[in-house]
Undergrad: 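Quick one: the structure is below, and I'll ask about it shortly.
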Amino acid sequence: MFTAPDGGVLRNRNARRAWFNRAACAIGVDSLTPHELRHTAASLAVSTGANVKAVQRMLGHASATLTLDDMRTCSTPT
């Protein structure tokens, strides 16, 4: 988790303007969002053997079913 320079809550819009969008462009993924990184972290955790209940807690989901459904939805090609 990242915090604002003053140690407070880092607002998505501010972070994206301040540094995230530039970093995404620098690696050639202009459309990348912080939320997509959240899904990537969850998918990598589960695919490498993390306990789904632990990933559920990491994401703050109400149930492991929600976590797995969310991962399935995000990994479906469009």
Side-chain angles (χ1 to χ4, degrees):
M1 180 182 315
F2 300 104
T3 60
D6 65 0
V9 174
L10 180 63
R11 303 289 178 206
N12 183 45
R13 182 181 307 173
N14 295 339
R16 292 200 55 186
R17 266 196 311 253
W19 57 271
F20 187 88
N21 289 344
R22 280 194 315 264
C25 287
I27 63 167
V29 190
D30 298 356
S31 62
L32 184 67
T33 67
H35 198 78
E36 289 171 332
L37 291 180
R38 172 183 162 92
H39 290 287
T40 300
S43 295
L44 289 172
V46 170
S47 71
T48 58
N51 181 291
V52 175
K53 291 295 282 182
V55 176
Q56 170 204 336
R57 286 189 296 276
M58 177 180 83
L59 297 175
H61 287 167
S63 71
T65 301
L66 175 62
T67 301
L68 292 173
D69 286 348
D70 194 38
M71 288 174 52
R72 185 174 26 258
T73 301
C74 291
S75 65
T76 303
T78 55

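Quick note: residue numbers are just sequence positions, from 1.
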Undergrad: Any chance you could lay out the side chain to side chain contact (heavy atoms under 4.5 Å, CB included) test for Q56 and L66, step after step, and finish with the verdict?
TA: CA-CA 8 Å; Q56 170 204 336; L66 175 62; over 6 Å; no
Undergrad: Check whether any side-chain N or O of S43 sits under 3.5 Å from a backbone N or O of T40 as a donor-acceptor pair, and report yes or no.
TA: no
Undergrad: Indicate, with yes or no, if V29 and L37 share a hydrophobic cluster defined by side-chain heavy-atom contacts under 4.5 Å among Ile, Leu, Val, Met, Phe, Trp and Tyr.
TA: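 Same cluster.
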Undergrad: Where do R17 and R22 come nearest, in terms of heavy atoms and distance?
TA: O-NH1, 3.9 Å
Undergrad: To the nearest 0.5 angstrom, please state how far the OG1 atom of T33 sits from the NE2 atom of H35.
TA: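 NE2 of H35 is found 7.0 Å from OG1 of T33.
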Undergrad: Working to the nearest 0.5 Å, report the span between CH2 of W19 and CZ of R16.
TA: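 The distance works out to 10.5 Å.
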Undergrad: If you take all heavy atoms of L10 and A4, which pair is closest and at what distance?
TA: CB-N, 3.8 Å
Undergrad: Residues in side chain to side chain contact (heavy atoms under 4.5 Å, CB included) with A18, at least two apart?
TA: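 Partners of A18 under the side chain to side chain contact (heavy atoms under 4.5 Å, CB included) test: none.
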Undergrad: How about CZ on R11, more than 12 heavy atoms from neighbouring residues, nucleotides or ligands closer than 6.0 Å, or not?
TA: no
Undergrad: What are the two closest heavy atoms between L32 and F20, and how far apart are they?
TA: O-CE2, 3.3 Å
Undergrad: Please name the pair of heavy atoms, one in A64 and one in V52, separated by the smallest distance, quoted to 0.1 Å.
TA: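 Minimum heavy-atom contact is CB-CG1, 3.8 Å.
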